[in-house]
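Okay, so here's the structure we're looking at.
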Amino acid sequence: MNQESQQNSSKHSVNPEKLKSLKELSKEYYNIDSLAKYIDVYRISQTDPDDFWNTIADRNFVWKRKWDSVLKWSPEKAEVTWFEGAQLNITENAIDRHLKTRGNKTAIIWEPNNPDEEALYISYSELSERVNKMANVLKKNGVQKGDRVCIYLPMIPELAIATLACARIGAVHSVVFAGFSASALSSRINDSNCRMVITSDGSYRGSKSIDLKSIVDEALESTPSVDCVLVVKRIFSKVEMRKGRDVWLHEELKQVNDTCEAEVMNAEDTLFILYTSGSTGTPKGMVHTTAGYMVYTAFSFKNIFQYKEDDVYWCTADIGWITGHSYIVYGPLLNGATTLMFEGVPSYPDYGRFWNIVEKYNVNQFYTAPTAIRALAKQDIEFVNTYDLSSLKVLGSVGEPINEEAWNWYYENIGKRKCPIVDTWWQTETGGIMISPIPFVTPTKPTYATLPLPGIQPSLMDDSGNEIQGNSVSGKLCIKYPWPSMARTVYGNHQRYKDTYFSAFKDVYFTGDGALRDEVGYYRITGRVDDVIIVSGHNLGTAPIEDAINEHPAVAESAIIGFPHQVKGNALAGFVILKNEGESRNKENLSKEINQLIASKIGPIAKLDRIHFVSGLPKTRSGKIMRRIMRKISSGEGNQIGDVSTLLDPSIVEEIKEKVQPFL
Ligand code: 6R9
């Protein structure tokens, strides 16, 4: 450890003799494969975080220059700097360094929307060539280091390649999910003044094709900063190319060579911006920087998925979300893994598609979201049983609390009771997975994200700002100490960053989530704290109650909200989606049974005053339930629900409006 970082960590005074022996152990830090090692490594990471990250960073990456200090941290200013003084390029770590040993290994398997179309196997050498060429195309069209490039592409290889091409030349990528509307796209482009947009003529999603280029054209009517649109041919539709602005990628590629020197980046240079919608206000452009993000996504990928050299890893997310950034592109490639990208949807051509893909490629690690699990669990089990899923070793879940029913279904039917489920809690802001079991190491427990990764120090805070000690407690989930992949700021608005994450509690990062810590110290995320409902003075998280409801055999999914009540302060209303077989049941009886279940699982306090049977819930495109919308409708403000651009199916809002009489 160098001098400056020694000063930095002086408050964690460690006996040098002890440190020496810990250092011996640290040689194997990178891959935690036993509970004893987890406990040791976690302790080291907590005792001397600087030394811990220093070792991880030093031993597992290629640097053009090493750092002068590991961490500098000013909680008052909400400013954090990791690996200051270091220089690197993340693509040299994700691609170039593998070429000697893994040049012919498949880096990306691409499975198209239509199973009859040919899949692609892109080797590390081919990926290198394609990233370099794309990087040269960006340069040729005027993109320079530091410029922002908006990427609005479907899940085709060019999406991953474009992000890496930006990183190669030091341009900042801002990927916008290609299901967003023109206005959502233009506001994101304008917020960070993107210079270029990379898009395609269109996209396939199940049986539909979507005309992406015309959405971009509409968005660009109000985006003065964009002077070039790079268009990938995907669906071969007729598109209008604006002269002087739009260029075809395939034509540009013919004019460039396949070597592009990796730009020398400083550790804290911005790697990308990714927008995340808060419950209020405009989306926040979370800024992630180079070195810390690299170190943490690589380290967490390796451990959470226990990836072995010949494994095939598949994360079903879209690269438009943080999950896709960290665990389709960067984390896997930094570890020289084979990562699968799927263009389509779980229901096309039928509900067996995911399992068909697992069989086809012998997928070893499968990472998806509870919303997908619930949707698939609703279907005939034959869709699963037709396929051989014996290659699977690890199953992952991310995005929202996974209810017990879905957890059990996943564990039994997909993992056949032999694959641990890693319920991974994290956020766009955290850059990487924070709390999760390590498979074959941490004993799992349904609905619990279990334990923090080494280097992550969670804490639960009470409403007066005190840390809650001990076990069997609940509170607001905070992180006490910086970690390398934390977002550094909100693009163009550091005050908002400070206000959102660093002002609720002194000197700690506030996640916005509530959590409980059980008797052995396992964490369970109970939902966003803005969704917490106080009934007769009791704080009730949404997740445990929804879990209880979902245990009813006729229920597929549910969401609860609070509404004002004269006696209790708030009462609970449930929105319930039934399985097909539940539709014909008497609703009054069903409601009684649901309430009995809640009473027995949580207590009579959590019984629902109203139950609405609906066909769907207002969800974001990444599967999160927008309870805010149900609250607005329920309180008679259905005409003021605000921005619904991130909703998957806006027609659900109309249905709920019709079914729900405001609780006035
Ligand atoms: C990665 C991602 C973040 C919010 C987060 C929390 C919820 C994510 C979860 C989970 C319970 C899990 N969340 N994973 N809740 N258990 N395993 O989803 O990022 O889109 O920014 O959402 O999602 O509420 O605060 P992002």
Side-chain angles (χ1 to χ4, degrees), residues 175-177 180 272-279 283-288 296-297 300-301 304 315-328 330-331 367-374 395-404 406-407 410 421-437 442 444-453 456 458 474 476-479 485-487 490 500-501 504 509-516 522-532 541-544 546-547 559 619-628 646 648:
V175 181
V176 175
F177 172 60
F180 278 144
F272 66 86
I273 300 168
L274 186 61
Y275 286 86
T276 179
S277 47
S279 45
K284 300 184 281 276
M286 302 314 303
V287 173
H288 283 282
Y296 194 78
T297 52
S300 53
F301 173 80
I304 303 288
C315 166
T316 70
D318 191 288
I319 293 175
W321 310 119
I322 191 68
T323 307
H325 280 59
S326 302
Y327 300 110
I328 295 177
Y330 289 110
Y367 190 27
T368 195
T371 178
I373 298 167
R374 285 191 296 264
L395 300 176
S397 170
V398 59
E400 49 171 329
I402 177 167
N403 53 297
E404 195 156 354
W407 196 102
Y410 199 24
I421 294 180
V422 291
D423 178 358
T424 63
W425 174 84
W426 58 298
Q427 309 176 297
T428 305
E429 295 85 339
T430 68
I433 296 168
M434 306 286 279
I435 304 181
S436 166
T442 322
T444 58
K445 178 172 174 183
T447 76
Y448 281 75
T450 73
L451 298 171
L453 254 74
I456 306 305
S474 63
K476 293 182 174 164
L477 180 63
C478 292
I479 312 292
S485 65
M486 64 197 285
V490 169
T500 314
Y501 307 107
Y509 168 86
F510 175 45
T511 67
D513 285 334
L516 61 83
Y522 273 16
Y523 287 89
R524 175 180 183 172
I525 314 304
T526 45
R528 304 290 302 165
V529 292
D530 12 355
D531 291 333
V532 162
T542 48
E546 287 161 7
D547 239 28
K619 283 190 185 171
T620 65
R621 289 162 197 264
S622 61
K624 294 192 209 319
I625 299 168
M626 291 178 90
R627 294 184 184 75
R628 165 177 72 89
T646 55
L648 187 64

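Since we're looking at a predicted model, the values are computed, not measured. We count ligands from 1, going down the list as the structure has it; atoms in each ligand are counted the same way.
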Set of residues satisfying side-chain hydrogen bond (donor to acceptor under 3.5 Å, both in side chains) with respect to Thr444, sequence neighbours excluded: none
Taking only heavy atoms of [X] into account, list the atoms of ligand 1 that are under 4.0 Å away from them.
{"X": "Ile322", "result": "1 (C), 19 (O)"}
{"X": "Asp423", "result": "12 (C), 16 (N), 17 (N)"}
{"X": "Thr323", "result": "1 (C)"}
{"X": "Val398", "result": "1 (C)"}

Who gets closest to [atom] by heavy atom: [options]?
{"atom": "atom 1 (C) of ligand 1", "options": "Tyr523, Trp425, Tyr327, Trp426", "value": "Trp426"}
{"atom": "atom 26 (P) of ligand 1", "options": "Thr428, Val422, Ile433", "value": "Thr428"}
{"atom": "atom 11 (C) of ligand 1", "options": "Ala317, Pro401, Gly399, Gly324", "value": "Pro401"}

Name of the residue among Val398, Thr368, Thr323 meeting side chain to side chain contact (heavy atoms under 4.5 Å, CB included) with Cys315: Thr323
Test applied, side chain to side chain contact (heavy atoms under 4.5 Å, CB included); reference residue, Lys476; option that passes from Asp513, Thr511, Val529: Val529
Pair Tyr296 and Trp426, ring centroids less than 6.0 Å apart: no
Geometric N/O contact Ser397 with ligand 1, under 3.5 angstrom: no
Residue part near ligand 1, for Ile402, under 4.0 Å between non-hydrogen atoms: neither
Proximity of Gln427 to ligand 1 by residue part, where a heavy atom lies under 4.0 Å: both
N-O pairing of Lys619 and Glu400 below 4.0 Å: no
Minimum-distance protein heavy atom relative to atom 5 (C) of ligand 1: Asp513 OD2, 3.2 Å
